[in-house]
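So you know, we letter chains A, B, ... as the sequences are listed, proteins then strands, and number each from 1.
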Protein chains: 2
Amino acid sequence: MDDKLSLQQFLPYRCNSLAQRISVSLSRIYVRQFGITVPEWRALVALAEYGELQSKQIAAHTSMDKVRVSRAVAIMTEKGLLNRRPCDRDSRAAFLTLTEAGLELYRRIVPEALDWEERLLAPLSEQEQATLFGLLDKLDTRLAELSSD
Amino acid sequence: MDDKLSLQQFLPYRCNSLAQRISVSLSRIYVRQFGITVPEWRALVALAEYGELQSKQIAAHTSMDKVRVSRAVAIMTEKGLLNRRPCDRDSRAAFLTLTEAGLELYRRIVPEALDWEERLLAPLSEQEQATLFGLLDKLDTRLAELSSD
DNA sequence: CGTCACTAGTTACAATTGAAACCATGTCCT
DNA sequence: AGGACATGGTTTCAATTGTAACTAGTGACG
């Protein structure tokens with residue numbers, strides 16, 4: 001067992017600081033240009049992708065906890081980006097969808113986001129990009145294993 | 001330009017949620033078992049690695065801002081994990097080193113941390129691990145490019 | 001029915017964080 | 001020397017966040 005550790009080669013640190021830097025850099029787009037926060041952005045994408053979701057499902061799709069989702073949903077409703085349809089079977093829950101304004105916002109942000117991602121990934125070949133995503137997948141599933149036992 | 005975006009395949013999201021999950025999972029070790037926070041852990045590692053550093057240098061090595069470092073250093077001093085040696089050339093600055101207690105703590109945490117990392121990386125071959133780090137490096141340098149222009 | 005366990009979503013509270021202001025010092029330039 | 005400007009580090013303040021408590025339902029089981 002090595003008794004020395006270099007932050008630069010310690011995966012948790014590397015992931016964290018990379019994610020942090022990506023986040024800061026990218027969030028300039030949706031925060032500054034479009035006035036929404038990261039949680040809102042995630043909810044927006046989830047709703048655009050799946051159509052109609054309850055808060056709980058948004059949480060599941062975006063790996064945010066329910067508090068964060070609740071707040072994002074409140075703000076987005078406020079802004080007129082989404083509407084609630086009460087659920088018959090369960091009056092606590094509501095189905096959420098994007099309003100036309102929400103969809104419109106989505107359509108304006110997505111190209112920018114994808115474009116930014118593309119610029120970030122530019123130095124990697126198609127091959128490397130696929131490898132990267134494959135490795136991230138493996139780590140994800142491994143983490144699930146680790147936390148279950 | 002595609003007009004559709006899947007969170008699951010959007011690199012910023014993937015990185016962020018992976019890093020988040022890693023962080024939560026790992027921090028159980030140093031938060032719960034050893035009573036230190038992530039900023040303290042990072043400072044600890046930097047000092048163990050480089051010996052004697054000013055706050056400013058700790059910040060540089062750990063990609064934390066100076067406020068976070070300042071607070072971590074204050075707490076660690078409080079706990080007797082490090083000592084300050086005033087700098088002759090510049091009385092604002094101080095050189096920081098780990099005390100024996102600090103080193104001792106470091107020596108107890110590192111094996112746990114490395115062991116945890118090893119378990120996380122277990123499903124990847126040596127080859128894949130190297131590839132992963134190589135790709136992270138590329139993204140890091142690419143980010144630097146992007147933010148400079 | 002009634003009550004006990006569970007769940008969807010919100011609120012309250014405390015901790016963590018970063019931006020900006022700040023203090024004290026150092027550096028540069030004339 | 002003496003101002004203007006930069007720098008190491010701390011403090012203040014406001015924003016973001018998660019944990020825990022809570023509200024209001026739902027469902028199962030006697």
Side-chain angles (χ1 to χ4, degrees), chain A residues 16-17 19-28 30-32 35-43 46-47 52-78 82-97 147, chain B residues 16-17 19-28 30-32 35-43 46-47 52-78 82-97 147:
Chain A
N16 226 308
S17 65
Q20 177 66 18
R21 291 177 61 198
I22 289 180
S23 222
V24 167
S25 187
L26 173 63
S27 67
R28 280 194 208 115
Y30 29 79
V31 175
R32 280 229 281 263
I36 67 172
T37 64
V38 173
E40 291 170 67
W41 157 248
R42 288 192 186 175
L47 287 166
E52 188 175 58
L53 296 174
Q54 299 177 219
S55 288
K56 181 197 161 87
Q57 300 172 305
I58 295 180
H61 287 302
T62 59
S63 54
M64 300 194 284
D65 61 50
K66 60 186 186 170
V67 177
R68 231 164 132 201
V69 172
S70 170
R71 292 196 259 244
V73 165
I75 293 172
M76 292 171 80
T77 310
E78 186 73 18
L82 48 79
N83 31 31
R84 315 172 86 78
R85 183 172 68 77
C87 169
D88 300 339
R89 311 191 43 127
D90 188 341
S91 69
R92 294 168 302 183
F95 290 112
L96 305 166
T97 48
S147 58
Chain B
N16 227 308
S17 64
Q20 177 65 18
R21 292 177 62 198
I22 289 180
S23 222
V24 167
S25 186
L26 174 63
S27 67
R28 280 194 208 115
Y30 29 79
V31 175
R32 281 228 282 263
I36 66 172
T37 64
V38 173
E40 291 170 68
W41 156 250
R42 288 193 185 173
L47 287 165
E52 189 175 59
L53 296 174
Q54 299 177 218
S55 288
K56 180 199 163 86
Q57 301 173 302
I58 295 180
H61 287 301
T62 59
S63 53
M64 299 193 286
D65 61 50
K66 61 187 185 169
V67 177
R68 234 164 132 200
V69 172
S70 170
R71 293 196 258 244
V73 164
I75 292 172
M76 293 172 79
T77 311
E78 187 73 18
L82 49 77
N83 32 31
R84 317 173 85 79
R85 184 172 66 77
C87 170
D88 300 341
R89 312 194 41 130
D90 186 341
S91 69
R92 293 167 302 181
F95 290 112
L96 305 165
T97 47
S147 60

> Between atom CD1 in A:Ile75 and atom C1' in C:dG9, what is the gap in whole Å?
Replying inline: 15 Å

> For D:dG8, does OP1 or OP2 lie under 4.0 Å from any side-chain N or O of B:Lys66?
Replying inline: no

> Are any of A:Ser70's side-chain N or O atoms less than 4.0 Å away from OP1 or OP2 of C:dG9?
Replying inline: no

> Given that A:Ser91 and A:Val38 both sit by DNA chain D, which one's nearest nucleotide is further toward the 5' end?
Replying inline: A:Val38

>> From CG of B:Asp90 over to C1' of C:dT25, roughly how many Å is that when rounded to an integer?
In response: 7 Å

> Can you tell me how far the CD atom of B:Glu52 sits from the SG atom of B:Cys87, to the nearest 0.5 Å?
Replying inline: 9.0 Å

>> So, taking the atom named CD1 in B:Ile58 and the one named NZ in B:Lys66, what distance separates them when rounded to the nearest 0.5 Å?
In response: 14.5 Å

> The side chain of A:Pro39 lies closest to which of these nucleotides: D:dG18, D:dT17, C:dG9?
Replying inline: D:dT17

>> By the 4.0 Å heavy-atom rule, please label B:Ala74 as base, sugar-phosphate, or nothing.
In response: nothing

> Between A:Asn16 and B:Ile22, is any pair of side-chain heavy atoms under 4.5 Å apart?
Replying inline: no

> Over how many whole Å does the gap from A:Asp88 atom CG to D:dT26 atom C1' extend?
Replying inline: 15 Å

> Nearest-Å distance, CD (A:Gln54) to C1' (D:dA24)?
Replying inline: 15 Å

> How long is the line joining NZ of A:Lys56 and P of C:dA8, in whole Å?
Replying inline: 4 Å

> Counting side-chain heavy atoms from CB outward, which of D:dG9, C:dA8, C:dT10 is closest to A:Arg84?
Replying inline: C:dT10

> Side chains of B:Ser23 and B:Gln20: donor-acceptor distance under 3.5 Å anywhere?
Replying inline: no

>> With a 3.5 Å cut-off and heavy atoms only, can you find an N or O donor on one side and an acceptor on the other between the side chain of A:Arg71 and the base of C:dG9?
In response: no

>> Can you tell me which nucleotide in D:dT26, D:dA20, D:dG8 comes closest to the side chain of A:Val67?
In response: D:dA20

>> How many whole angstroms separate atom CD of B:Gln20 from atom P of D:dG18?
In response: 7 Å

> Mind checking whether A:Asp65 and A:Arg68 have side chains closer than 4.5 Å, heavy atoms only?
Replying inline: yes

> Mapping A:Arg89 and B:Gln57 to their closest nucleotides on DNA chain D, which lands nearer the 5' end?
Replying inline: B:Gln57

> To the nearest angstrom, how far is A:Phe95 atom CZ from C:dA8 atom P?
Replying inline: 12 Å

> Nearest-Å distance, CZ (B:Arg68) to C1' (D:dG8)?
Replying inline: 19 Å

